[in-house]
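Input: a single structure, listed below in structure tokens.
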There are 2 protein chains.
Amino acid sequence: METKPAMDIQKSALLLKLLGDKTRLTMMKLLQSHECCVCEFTAIFEASQPAISQHLRKLKDAGLVQETRRGQWIFYSIRRDHEYAPFVEDVLNHFPDQNERLTNLEKQGLRISCE
Amino acid sequence: METKPAMDIQKSALLLKLLGDKTRLTMMKLLQSHECCVCEFTAIFEASQPAISQHLRKLKDAGLVQETRRGQWIFYSIRRDHEYAPFVEDVLNHFPDQNERLTNLEKQGLRISCE
DNA sequence: TGCGTATATAATCATATCGTTATATAATCA
DNA sequence: TGATTATATAACGATATGATTATATACGCA
């Protein structure tokens, strides 16, 4: 019989703090269903490139996302191998998907696609 | 057929930020199963009384907890009528209960009981 | 009524957070 | 190779956060 190790409330508080920012929370929700590159995020959030990079850095440092370079672009994706990934996904599952934000980008021709 | 209104990701981020502090998160977990008064929290967290009061104030301002005076003491309890109470509880349910902290208090004779 | 206990609040300070500006690095393309 | 685009990082500043100290308020009790 399998038992899950109990979650550490202290480590979880740090994760919740990371998710407790509307930009990062929305990023994570988007990443739940799509890989995204930095320039897409800057377009979606109408934020500066360094601001976006710094949010992504925090998520990466916490092990919540990972990057892959594809040519000129660096794509971010969610890490489902994080110790508390199921917890994070449970939290994210409460929110409506934010894919409209991506389709809006497509309409503007700003969606990156380098498959 | 009933439909739940979609959660607002922006408001949720504010809640997660509140929960993203180990003291407040543990408080909320304790309050999930017990009412607690301020002096119990100060004993549990070995924190100053004003520090605890200020955490409770934030939780109260957000509508997550409520207070009831009973004689000398003011007891805090979780508000299950908060718009996003089910979300908050879902988050809290991931953590092991913290009741040991309360039973430890009892052993020290510090648990308040004014029924 | 006066004292002790429980709690809240205000003022203050150190640190954290988040954004901006400036600059560095890496890849693409002409 | 040089220019352009995408991204990261460093330095800095404004604001937010959380703790402490000091003080105020409310209740219970002698």
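Excluded from the calculations below are hydrogen atoms, water molecules and symmetry mates; all remaining heavy atoms, backbone and side chain alike, are included. The structure displayed is predicted, hence computed values, not measured ones. Residue numbers begin at 1 in each chain, while the letters A, B, ... track the order of the sequences.
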field: Dot-bracket notation for DNA chain C, counting Watson-Crick and G-U pairs under 3.5 Å, with | for partners on another strand
entry: ||||||||||||||||||||||||||||||
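For A/Q98, the side-chain hydrogen bond (donor to acceptor under 3.5 Å, both in side chains) partners two or more places apart in sequence, or in a different chain, are A/R101. Take B/S53 and apply the side-chain hydrogen bond (donor to acceptor under 3.5 Å, both in side chains) test, not counting sequence neighbours, and it matches B/Q49. Residues that satisfy the side chain to side chain contact (heavy atoms under 4.5 Å, CB included) test with A/K22, not counting sequence neighbours, are B/Q10, B/A13. Here A/H94 pairs with B/D90 under the side-chain hydrogen bond (donor to acceptor under 3.5 Å, both in side chains) rule; sequence neighbours left out. Applying the side-chain hydrogen bond (donor to acceptor under 3.5 Å, both in side chains) rule to B/K11 yields the partners B/E83; only residues at least two apart in sequence or on another chain are considered. Applying the side chain to side chain contact (heavy atoms under 4.5 Å, CB included) test to B/E46 and every residue at least two apart in sequence or in another chain returns nothing.
Here the C1' atom of nucleotide D/dT7 and the OH atom of A/Y76 are 8 Å apart, to the nearest Å. In this structure, CD1 of B/I74 is placed 14 Å from C1' of D/dA24, rounded to the nearest angstrom.
Within residues 10-28 of chain B, the residues having any heavy atom under 4.0 Å from DNA chain D are, by residue number, B/K17, B/D21, B/R24. Of all the residues in residues 54-67 of chain B, B/Q54, B/R57, B/E67 reach under 4.0 Å from DNA chain C with at least one non-hydrogen atom. Contacts between residues 45-52 of chain B and DNA chain D, defined by a heavy-atom separation under 4.0 Å, are made by B/S48, B/P50, B/A51.
Counting only residues at least two apart or in different chains, salt bridge (Lys or Arg N to Asp or Glu O under 4.0 Å) contacts with residues 54-63 of chain A comprise A/R57-A/D61, A/K60-A/E67.
In terms of hydrophobic clustering, with Ile, Leu, Val, Met, Phe, Trp and Tyr side chains grouped at heavy-atom distances under 4.5 Å, B/L14 and A/L15 are assigned to different clusters. A continuous path of ILVMFWY side-chain contacts below 4.5 Å connects A/F87 to A/L59, so both sit in one hydrophobic cluster.
In this structure, the side chains of A/V65 and A/L31 come closer than 4.5 Å at one or more pairs of heavy atoms. Here the side chains of A/V91 and B/L16 are in contact, with some heavy-atom distance below 4.5 Å. Counting only heavy atoms from C-beta outward, the side chains of A/C37 and A/Y76 never approach each other to under 4.5 Å.
Salt bridge status for A/K107 with A/E100: absent, with no side-chain N to carboxylate O gap under 4.0 Å.
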Dump the pairs, protein N or O against N or O of nucleotides 24-30 of chain C, anything under 3.5 Å, distances to one decimal.
none

